[in-house]
Amino acid sequence: MPTDASTAPSAPSAPYSPPTALPEQITALRTDLVAARYTVETTEALVGQVALEALRRENPIPAHRALDPLTEPAAVLFRLFALGRPVPRSLVDAALPTLGAQGATMLGLLGPAPLRPLIGADDHAADDPDPLHAARVELSPYSARDDIGEITWWIASDLSELVTGRALDSEHVLGVGGASLTLARITPRAKVGRVLDLGCGGGIQALHAARHADHVVATDLSDRALAFAAFNAALNETELELRQGSLLDPVETETFDLIVSNPPFVITPRQGRQAAPVTADAEARVEAGEAAREEARAGTDEIWTYRDGGRAGDSLLADLLTALPAHLAPGGSAVMLGNWEIGAQHAWDVHPRAWLGAATEDGVDAWVIQREHEDPAQYAETWARDGGVTSRDARWPELQNAWLDDFATRDVESIGFGYLLLRRPEAGSPSRPGVLRTEQAAGTGTGSLAAHLAQGLHALDTLSHLDDDALAATRPVRAADVVERRHLTPGEWDPMLIELAQGAGLGTVVRADQLLAATVGALDGTLTLDQVIGAVCALTDADVDESRERMLPLVRDLLVTGMVTL
């Protein structure tokens, strides 16, 4: 967004060097951040709700107005490191008494402010005895709650577009954004041995994983991203093993108990290159991907390393999902975010199903959940703005046309976004083909989504070993959060619509008839499923065999969604 010259410093033409994790200075910084109570809770209270909402709309003016008069350490640090507001050295030293401005400069966090007028600093000059210092990186407080408990950290990243007033550099390292929060929220937090954070960026997923793993390997193609990840790990007293390389290259034949990834899945136009067909074999796709990367390195394509992998179309995910299952240890799971192209007149899940065919042949279960979709024009607008290019920029028409031309060459009607979940059965499990489930789910209920999704993957495994007779002999239990909703025309007795609604998990709503509603209502664990179906049929005069044949697949689906449990 354009920035008034009187409210922000001049931005460099390229990002500053990433911070350096010097042990002595990192310890001093941590001490000062704790003493300053530089937390989300404190800074939100200082900024105020109106200014917070404005910041979410990329308007920093109310936050400047709220914080500029304040000298509390947390207010000074937020002005400096989150809003990019230069402050006098004396305020830096007061806010960071152990580290000081000199130590912050040694870490690469600070540098001299530009010599030009700024609000409240019109007398700024080269010989000012209290010179202004400006942030070289963003350093923001981070708080969250996952299935293990509360988190209070600090996360360093490159200065945002809000601060620099310019489009993001191709090597930009993001802070904690919406995708990061989503991935952290859907990742299971059971105790595991080895975790891989593939495409780690600044390391937020690796930090989360280190709380419940014996060892975490974090990889990224960008050495800049790895430098930020190393700094964040040191600042938050977390041990990570960092490796540089593309996708799975750095881990060769290693296996993991959990793989978590927000891969560079954004579909970006590649000049003169088409995506390999979805049905192409893995070797052909890999060759096409290598050629695309070489073109990107040679400068024939614009590429934002932090979000797209230099491939045409959605072929990066095709390559990744072909190779990834081999890196899952027995009982291991993978949790990823992704985009997929949806062709005109095609089902939305054609691409994910093609990508995961080899995985299911290898016995791996997969669950693909489409959360939303955009048409090509919406997608082009979203990701151009994400890169800091708006409709006011000269490059906007060129970028929009490039995206629309690219999608048109493959007859893409829309682009889906969602979750890709994989799980390899435990060692010693009977050999079987994997189960592939795809569904569209736009809602979200209460409770832990990570635990819900993990339960669903386990249910796929359990149900694969139960034929209809075995399932009918179980004693399922209706989940406590499931309610029945009946829609009636005023004055009528019979409902025109019955719905079973889930309060937790994905907030799933299932259309039901009287038979399904009565069956689910009676599942309290006392009777077997067969007995419940028989009893409902006795009350409704329905045919038992026909009802059983119709009910068993529906109950299987309810077991995966968590609306019914074994």
Side-chain angles (χ1 to χ4, degrees), residues 12 14-36 38-39 73 77-78 80-82 84 92-93 95-112 133-144 151-160 163 169 171-177 180 184 195-211 213-245 250 260 305-306:
Y16 293 109
S17 298
T20 304
L22 303 173
E24 181 179 346
Q25 285 73 23
I26 282 280
T27 300
L29 173 61
R30 188 186 313 113
T31 299
D32 289 339
L33 294 178
V34 171
Y38 188 48
T39 65
L77 294 175
F78 195 81
L80 181 62
F81 289 118
V92 177
D93 288 337
L96 300 172
T98 311
L99 179 67
Q102 182 177 359
T105 302
M106 292 174 64
L107 288 173
L109 301 180
L110 289 183
H133 281 63
R136 293 292 191 254
V137 301
E138 182 175 311
L139 181 64
S140 295
Y142 172 74
S143 68
I151 294 167
T152 300
W153 291 331
W154 306 277
I155 302 298
S157 59
D158 272 320
L159 295 171
S160 68
V163 172
D169 185 83
E171 294 296 321
H172 184 87
V173 177
L174 289 172
V176 181
S180 299
V195 174
L196 170 64
D197 179 5
L198 189 155
C200 66
I204 186 66
Q205 306 304 327
L207 292 175
H208 273 276
R211 302 172 72 233
D214 294 332
H215 186 76
V216 178
V217 176
T219 69
D220 204 288
L221 181 62
S222 166
D223 56 359
R224 182 178 185 81
L226 292 174
F228 272 99
F231 182 88
N232 289 329
L235 179 58
N236 295 292
E237 300 182 282
T238 302
E239 290 189 12
L240 304 176
E241 181 184 348
L242 302 173
R243 303 183 192 176
Q244 185 178 16
V260 59
T305 303
Y306 72 91

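For the single chain, residues carry numbers from 1 onward in sequence order.
Two residues are said to be in side-chain contact when any heavy atoms from C-beta on lie closer than 4.5 Å; R243 and V217 meet this criterion. Residues H133 and P112 fail the side-chain proximity criterion, which asks for heavy atoms closer than 4.5 Å. Using a 4.5 Å heavy-atom cutoff, the side chains of S222 and E171 are in contact.
Note that CG of L198 is 4.0 Å distant from OG1 of T219, once rounded to the nearest 0.5 Å. How far CG of D197 is from NE2 of H208: 10.5 Å, rounded to the nearest 0.5 Å. In this structure, OG in S143 is found 12.0 Å from CH2 in W154, a value given to the nearest 0.5 Å. The CZ atom of F228 sits 10.5 Å away from the CG atom of L174 when rounded to the nearest 0.5 Å. Remark: I155 CD1 to L139 CG distance equals 8.5 Å, nearest 0.5 Å. Between atom CG of residue L240 and atom CG of residue L207 there is a gap of 5.5 Å, rounded to the nearest 0.5 Å.
Taking S157 as the reference, E138 meet the side chain to side chain contact (heavy atoms under 4.5 Å, CB included) condition, with sequence neighbours excluded.
The two atoms that bring Y16 and A135 nearest to each other are CE1-O, 4.4 Å, heavy atoms only. Residues A209 and V195 share a closest heavy-atom pair of CB-CG1, 3.7 Å. In this structure, A21 and A230 approach most closely via the heavy-atom pair CB-O, 4.3 Å. Heavy atoms only, all atoms of each residue included: V163 and A82 are closest at CG2-O, 3.8 Å.
Contact check on D158 versus R224 returns a salt bridge, with a Lys/Arg side-chain nitrogen under 4.0 Å from an Asp/Glu carboxylate oxygen.
Among L226, L22, L29, the one residue that satisfies the side chain to side chain contact (heavy atoms under 4.5 Å, CB included) test with F231 is L29.
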Does V260 form a side-chain contact (heavy atoms from CB on, under 4.5 Å) with L196? I'd like the steps, not just the answer. CA-CA 6 Å; V260 59; L196 170 64; over 6 Å; no
Can you give each donor-acceptor pair under 3.5 Å made by side-chain atoms of residues 95-110, sequence neighbours left out, with the distance rounded to 0.1 Å?
unit_1	atom_1	unit_2	atom_2	d
T98	OG1	D32	OD1	2.7
T105	OG1	A101	O	2.8

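Distance alone, capped at 3.5 Å, is enough to place a donor-acceptor pair between the D220 side chain and the G201 backbone.
Listed by first and then second residue, the side-chain hydrogen bond (donor to acceptor under 3.5 Å, both in side chains) pairs that reach into residues 227-240 come to none, sequence neighbours excluded.
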